Amino acid sequence: MELVTKISGITLRNPFMNASGVLSQTVSLLKRLQEAEVGAVVTKSITYEERKGYENPTFIKINCGYLNAMGLPNPGFREFLKELSLCRDEFKVPIIVSIAPSEPKQAREMATTFKNIASAIEINLSCPHSEKLGLEVFNDAKLTESIVKNVKDGFDKPVFCKLPPYRNEVLGIIDSLDNCDAFVVSNTIRAMKIDIKAKKPVLSNKFGGLSGKALHPISLALVFELYEKTKKPIIGVGGVESWEDAVEFFLAGASAVQVGSVLEKKGITIFKELVEGLEKYLKEERISLEELIGLAHDS
Ligand SMILES: Cc1cc2nc3c(=O)[nH]c(=O)nc-3n(C[C@H](O)[C@H](O)[C@H](O)COP(=O)(O)O)c2cc1C
């Protein structure tokens with residue numbers, strides 16, 4: 001079965017990609033992902049200046065998924081660009097560069113800088129645990145709009161907005177994000193865990209983002225609702241651990257699917273599993289991937 005798919009004009013050999021930040025922090029990790037049958041690679045979110053990230057513990061398993069508060073550690077956009085430029089030609093799949101800007105001018109400069117490297121820019125408007133970035137930007141509608149506009153002005157290829165999983169806020173803002181090309185749904189949910197013996201939060205940052213199993217039905221519901229409100233392509237992300245989880249996202253209306261936390265559990269071989277599972281399902285159901293997308297809305 002044909003799995004080639006298009007998102008805003010970018011051709012993907014299959015509809016699966018890694019989610020930003022999980023096993024994608026360095027260029028060598030991105031190269032490993034490419035070997036694992038991904039349709040595209042997504043970088044860790046890059047900020048204007050270097051960020052060291054938070055102290056450990058930054059990533060923990062809990063009984064319904066994972067909590068992380070990494071603090072967006074990254075070398076800053078100039079350094080990252082240098083690293084990526086050195087091996088751009090080794091990438092045979094599209095590179096989606098995730099940026100986490102906090103203001104419009106910097107956002108535009110970052111986007112322009114990655115012009116010759118990235119096939120698309122994904123703007124992180126949703127990280128739930130970093131000051132003046134991600135969700136804090138998203139909570140300021142005017143700032144968000146201006147950042148998206150500046151990225152669009154500085155970058156002549158597709159721009160994706162990565163949204164938080166909060167339904168009302170997302171549905172309230174999407175019309176003003178009209179100039180972006182696709183939505184990535186969703187980032188993690190702000191959450192925490194408390195150690196009852198130590199009597200204090202487990203993550204060094206206290207709050208983090210909940211990912212994995214518990215997030216899946218929440219992201220799925222938002223993809224479903226968003227599909228009825230926008231004509232833009234949607235990339236589903238949240239708690240995908242099997243091809244069946246991914247098929248749910250396609251049925252809800254996602255054109256592609258990203259996977260994050262499961263990479264910690266199953267490693268990058270999950271992509272082969274997803275590709276083979278989807279191919280077999282499409283063959284058995286005698287439908288194409290294109291026909292599958294949004295099909296749950298017809299019933
Ligand atoms: C360790 C870790 C680091 C992450 N870093 C980023 C990041 O840099 N940028 C971003 O947009 N999302 C980041 N995320 C969120 C994921 O990209 C994804 O949206 C979320 O984990 C839900 O997908 P999952 O349930 O498959 O993990 C991170 C998630 C985890 C677990």
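Ligands are counted one by one from 1 in listed order, and the atoms in each one are counted from 1 as well. Because the structure is a prediction, the values reported are computed rather than measured. All values below come from the heavy atoms of this structure, side chains included, with hydrogens, waters and symmetry mates left out.
- In terms of polar-atom proximity, defined here as any N/O pair under 3.5 Å, N124 does make such a contact with ligand 1.
- For ligand 1, the atoms sitting less than 4.0 Å from at least one non-hydrogen atom of F59 are 1 (C), 31 (C), numbered in the order shown with element in parentheses.
- Checked by distance only, ligand 1 and N68 stay at 3.5 Å or farther apart across all their nitrogen or oxygen atoms.
- The residue S126 has no part lying near ligand 1, judged by heavy-atom distances below 4.0 Å.
- Atoms of ligand 1 found under 4.0 Å from any heavy atom of L215, numbered from 1 in the order shown, are 22 (C).
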Just distance, no hydrogens or angles: give the donor-acceptor pairs under 3.5 Å from side chains in residues 202-213, sequence neighbours left out.
from	atom 1	to	atom 2	distance (Å)
S204	OG	E55	O	2.5
N205	ND2	F207	O	2.9
S211	OG	S261	OG	2.6

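- Counting only residues at least two apart or on different chains, no ring-ring contact (aromatic ring centres under 6.0 Å, His included) pair has a member in residues 152-204.
- There is a side-chain donor-acceptor pair under 3.5 Å between N74 and T47.
- Considering backbone and side-chain N/O atoms, S20 comes within less than 3.5 Å of an N/O atom of ligand 1.
- In this structure, G239 has a heavy atom closer than 4.0 Å to ligand 1.
- Within the structure, the closest approach of N187 to ligand 1 falls below 4.0 Å when heavy atoms are considered.
- For ligand 1, the polar-atom distance check against G212 finds a nitrogen or oxygen pair separated by under 3.5 Å.
- Atoms of ligand 1 found under 4.0 Å from any heavy atom of G238, numbered from 1 in the order shown, are 22 (C), 23 (O), 25 (O).
- Contact analysis leaves Y66 out of contact with ligand 1, as no non-hydrogen atom separation drops below 4.0 angstrom.
- In the candidate list H216, K162, K213, K162 is nearest to atom 17 (O) of ligand 1, counting heavy atoms.
- Numbered from 1 in the order shown, with element, the atoms of ligand 1 that lie under 4.0 Å from a heavy atom of K44 read 5 (N), 6 (C), 7 (C), 8 (O).
- Atoms of ligand 1 found under 4.0 Å from any heavy atom of L72, numbered from 1 in the order shown, are 7 (C), 8 (O).
- Aromatic ring orientation, H297 versus Y227: tilted (interplanar angle from 30° to 60°).
- Screening K152, K157, K6 for a salt bridge (charged side-chain N to carboxylate O under 4.0 Å, His left out) with D181, the sole residue that qualifies is K152.
- Which parts of ligand 1 touch T188 is read off a 4.0 Å heavy-atom cut-off, strictly below it: atoms 20 (C), 21 (O).
- Applying the 6.0 Å contact sphere to NZ of K149 captures no more than 12 heavy atoms from other residues, nucleotides or ligands.
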